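Written below as structure tokens is the structure these notes are about.
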Amino acid sequence: MTRGRRLGIDFGVARIGVAVSDPDSILSSPLETLIATSPDLWNRFSEIIDEFSPVEIFIGLPIHLKGQESPSTEGARTFASELQSKFSIPVVFIDERLSTVSAQKKLKEAGVSSKSSKKSIDQMAAVEILNQGLEINGRANRE
């Protein structure tokens, strides 16, 4: 695996959670939640890209539990395409079927109330997506 930071993105039509890894791609940290409809969305992504210089971006692909794609899936694909064309950074889709559920469970275990977790759930889902991507990369390098 190439050394460098990676981003994890939990795309949603309202909010976009962003997480970042350390340069050795060992640790994942929540970064921020962006408003998907903000006129400054792409400017903020540009700032994130400039600050962290990611070598790869993992984007959660929302697929129904039975494996079917949904309108949200197409939205994530469109977003990923635009992101890749603007910044020329490789994008990898990660099956995110249970990322939000897992993030909610971890926040609850940490004692974060449901009301408080609304502010961080998208970031934590992005961490879950990033962790899955890093794990997949790690397995590929071991094989």
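Numbering starts at 1 and runs along the sequence shown. The shown structure was predicted, so the numbers you read here are calculated from the model rather than taken from an experiment.
- A distance-only check finds a donor-acceptor pair linking the side chain of R6 to the backbone of G4 [under 3.5 Å].
- Sorted by first and then second residue, the side-chain hydrogen bond (donor to acceptor under 3.5 Å, both in side chains) pairs involving residues 80-90 (not counting sequence neighbours) are W42-E82.
- For S46, the side-chain contact (heavy atoms from CB on, under 4.5 Å) partners are D50, F87, not counting sequence neighbours.
- The other residues sharing a hydrophobic cluster with L27 are I26, where clustering joins ILVMFWY side chains under 4.5 Å apart.
- With rounding to the nearest 0.5 angstrom, the CD1 atom of I121 is 9.0 Å from the CD atom of E128.
- Shortest non-hydrogen contact noted between P30 and V127 is N-CG2, 3.5 Å.
- Across all non-hydrogen atoms, the minimal contact from G12 to A36 is O-CB, 3.5 Å.
- Residues L83 and F45 meet the side-chain proximity criterion, which asks for heavy atoms closer than 4.5 Å.
- Under 3.5 Å, the side chains of T33 and D122 contain no donor-acceptor pair of N or O atoms.
- The two residues R77 and L61 have their closest heavy-atom pair at NH2-CD2, 3.5 Å.
- Residues L34 and L41 meet the side-chain proximity criterion, which asks for heavy atoms closer than 4.5 Å.
- Atom-to-atom distance recorded for I57:CD1 and I129:CD1 is 12.5 Å, nearest 0.5 angstrom.
- Closest heavy-atom contact between S21 and L130: N-CD2, 3.5 Å.
- Pairs engaging residues 2-30 under the ring pair (Phe, Tyr, Trp, His ring centres under 6.0 Å) rule: F11-F79 [sequence neighbours left out].
- Minimum heavy-atom separation, D10 to A125: OD2-CB, 3.5 Å.
- Taking E47 as the reference, R44 meet the salt bridge (charged side-chain N to carboxylate O under 4.0 Å, His left out) condition, with sequence neighbours excluded.
- The side chain to side chain donor-acceptor pair (under 3.5 Å) search around R5 returns none, not counting sequence neighbours.
- Separation of atoms CG (D24) and CG (L134) is listed at 11.0 Å; rounding is to 0.5 Å.
- Atom CD of E135 and atom CD1 of I94 lie 10.0 Å apart (nearest 0.5 Å).
- In this structure, I48 and E32 approach most closely via the heavy-atom pair CD1-OE2, 3.9 Å.
- The side-chain heavy atoms of F58 and I136, taken from C-beta on, include no pair separated by under 4.5 Å.
- A donor-acceptor distance shorter than 3.5 angstrom exists from the side chain of T73 to the backbone of P62, with no hydrogens or angles considered.
- Residue V55 is not grouped with residue F52 when hydrophobic side chains (ILVMFWY) are merged at heavy-atom distances under 4.5 angstrom, including chains of intermediate members.
- Residues S28 and V20 have side chains not in contact (no heavy-atom distance under 4.5 Å, counting atoms from C-beta outward).
- To the nearest 0.5 Å, atoms CZ (R15) and CD1 (I35) are separated by 7.0 Å.
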